[in-house]
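Ligands are counted one by one from 1 in listed order, and the atoms in each one are counted from 1 as well.
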Amino acid sequence: MLRGKHIVLGVTGGIAAYKSCYLLRELQREGATVRVVMTDAAARFVTPLTFSALSGQEVYTDLWTANQSTGSNIGTQHIDLANWADALLIAPASANTIAKLTVGLSDNLLTIVTLATRRPVILAPTMDADMYLNEITQQNLVTLRARGYAVIPAGEGEHASGLKGPGRLPEIDVIIRFVAGVLDKTFLDLTAKKILVTAGPTYESIDPVRFIGNRSSGKMGFAIAQAAALRGAEVTLIAGPVQLETPRNVKRIDVESAEQMQKAVSAEAKKADAVFMAAAVADFTPQTPSRAKIKKDVRSKNLDLHLTATPDILGTLGGKKNGTVLVGFALETDNELTHAKEKLKSKNLDLIVLNSLADEGAGFGVDTNVVTIIERNGHAKKLKKMAKFDVANEILNRVKNLFQHRDE
Ligand code: CTP
């Protein structure tokens, strides 16, 4: 799968560093030539000699020492390595190295080469489950993905510490297939698919200063847009008022109210192969927003706002469905499955993604989620707590299957 490819294998500190020895062997077996760069922390877990013996090349460990095997000049060897590589694979990628890369720190040979290379950078984040699920790590991964880094979903299972959860180094064959996919772009499995995503809250004006809103951060919708774009889809993202960076290769349309969102969706949905309504659209809006700021009347203790229902954007799409895959989201606090299934039916959806506020690690603002994906036939699968980006890929995998059935 990797015949003739040049891979720089970056190894960072962590107990999984020993698995990189096997990874190195497999990369070579698949036809790649590998040069290994280790951080100081990695060299505490496995000696450079091991990698050197396996790769037949001196291992790069020190910024200030020239590599004898390649005869590189000390002053330029980081650039030589960055140019030599067809891809840079950092496995295991520790929380520390991920954090450094996020802010552009270049304090060792590996981080310098990563900063210098124009070739694909592939990360296999590997750390204890709690470190992996920590908001800081997840935020860093969101940022790195937005900049075009390919991040392999972490493996699940038991850690050396005894903790269970995500953060293990993925199986070697998963890494190899991922690297091969990045190099020949076969991971672009949604190429030519047009995907419409909505995200965030809507703001309904009470007067020029005040609004009715909700606590949606937009992170789930942005993660779907980002994951779909990385898989090659043509993505349009209709965003309510949120503080999030637009993912790369995504066309973004900003809206504020439910009415504006509906206009944007109805214009864009016609072209879409799939619509993901992750936005938390307000169900009611002030009937007549005041043109001037409402002043408080000191004599009255109450202010009555008359609210009227907003259009059900997704329900309207479901009512005139024509082969577009429709995915809805439901946030429930009680009788969750029953309510979500009712929504799936009444809005004529293909999938509904249920969020339960009761679950730890789910809900507003955080980068992880705990969801149940419900299909039209009523089949419901509750996923473990995982990064919103990984949830996005799980949802996209199912939608990809629906495309396949539709196209058959
Ligand atoms: N939705 C929509 N237009 C609206 C309201 C919601 O398209 N005016 C979409 C949401 O984006 C989401 C799904 O419908 O995908 C949620 O269903 P809905 O029944 O509206 O959920 P809630 O607003 O939470 O309804 P309820 O208050 O009855 O639970």
Side-chain angles (χ1 to χ4, degrees), residues 195-205 211-225 228 235-242 244 253-270 272 274-287 307-321 324-359 362-364 369 371-376 380 388 391-392 394-396 398-399 402:
I195 299 235
L196 177 62
V197 185
T198 67
T202 63
Y203 284 180
E204 309 302 318
S205 278
F211 60 83
I212 298 173
N214 61 65
R215 296 184 208 279
S216 167
S217 66
K219 285 182 173 177
M220 192 61 239
F222 272 62
I224 294 171
V235 184
T236 303
L237 171 64
I238 299 175
V242 291
L244 296 172
I253 301 171
D254 284 311
V255 297
E256 198 172 274
S257 64
E259 193 188 345
Q260 288 169 1
M261 187 168 279
Q262 174 174 42
K263 283 202 177 116
V265 169
S266 71
E268 295 293 328
K270 293 181 202 107
V275 178
F276 297 79
M277 275 298 296
V281 187
D283 288 325
F284 292 94
T285 188
Q287 189 169 32
L307 303 180
T308 127
T310 57
D312 184 339
I313 305 174
L314 191 54
T316 311
L317 293 180
K320 45 178 187 198
K321 200 150 158 230
T324 309
V325 173
L326 294 182
V327 182
F329 289 76
L331 179 69
E332 307 289 345
T333 53
D334 59 290
N335 268 332
E336 294 141 331
L337 266 180
T338 314
H339 285 314
K341 284 182 179 173
E342 275 165 15
K343 283 179 189 171
L344 179 117
K345 274 230 168 76
S346 67
K347 297 188 192 226
N348 196 16
L349 308 178
D350 297 282
L351 284 182
I352 192 153
V353 181
L354 164 67
N355 279 286
S356 165
L357 264 192
D359 286 311
F364 303 116
N369 211 353
V371 304
T372 304
I373 303 179
I374 308 166
E375 296 170 27
R376 252 179 115 86
K388 282 186 174 162
V391 173
E394 288 283 345
I395 301 169
L396 287 168
R398 284 164 177 81
V399 169
L402 291 172

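Comparing G221, A199, A279, G328 against atom 10 (C) of ligand 1, the shortest heavy-atom distance belongs to A279. Which of M277, E342, K343, Q262 comes nearest to atom 25 (O) of ligand 1 through a heavy atom is settled by distance: it is K343.
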For this session: Would you sort out whether K219 and L244 count as a side-chain contact (heavy atoms from CB on, under 4.5 Å), showing the intermediate values?
Result: CA-CA 8 Å; K219 285 182 173 177; L244 296 172; 4.2 Å; yes
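In terms of protein heavy atoms, atom 17 (O) of ligand 1 is closest to K347 NZ, 3.2 Å. Looking only at protein heavy atoms, the nearest one to atom 5 (C) of ligand 1 is D283 OD1, 3.4 Å. Looking from atom 7 (O) of ligand 1 to the surrounding protein, the closest heavy atom is L314 N, 2.8 Å.
Between T198 and ligand 1, a contact under 3.5 Å exists for no N or O pair. Between V281 and ligand 1, not a single N/O pair is under 3.5 Å apart. Polar contact check, F329 against ligand 1: a nitrogen or oxygen pair lies under 3.5 Å apart.
Of all atoms in ligand 1, listed by their number and element, those nearer than 4.0 Å to a heavy atom of D312 are 2 (C), 3 (N), 4 (C), 7 (O), 8 (N). Near T310, the atoms of ligand 1 lying under 4.0 angstrom from a non-hydrogen atom of the residue are 8 (N).
Of the heavy atoms in I313, both backbone and side-chain atoms come closer than 4.0 Å to ligand 1.
At distances below 3.5 Å, not a single donor-acceptor pair connects side-chain atoms of N369 with backbone N or O atoms of V371.
At least one heavy atom of P311 sits closer than 4.0 Å to an atom of ligand 1. In this structure, M261 does not count as a contact residue of ligand 1, since none of its heavy atoms falls inside 4.0 Å of the ligand.
Ion pair E342/K347 not flagged as a salt bridge, since none of the NZ, NE, NH1 or NH2 atoms sits closer than 4.0 Å to an Asp/Glu carboxylate oxygen. Between D350 and K321 a salt bridge is recorded (basic side-chain N to carboxylate O distance below 4.0 Å).
The environment of K345 atom NZ is sparse: at most 12 non-hydrogen atoms of other residues, nucleotides or ligands sit within 6.0 angstrom. More than 12 non-hydrogen atoms from other residues, nucleotides or ligands lie less than 6.0 angstrom from CD of E375.
Atoms CG and OG, from L314 and S346 in turn, are 9.0 Å apart once rounded to the nearest 0.5 Å. Rounded to the nearest 0.5 angstrom, E204 CD and T202 OG1 are separated by 4.0 Å. Annotation: the span from T285 atom OG1 to F211 atom CZ amounts to 12.5 Å, rounded to 0.5 Å.
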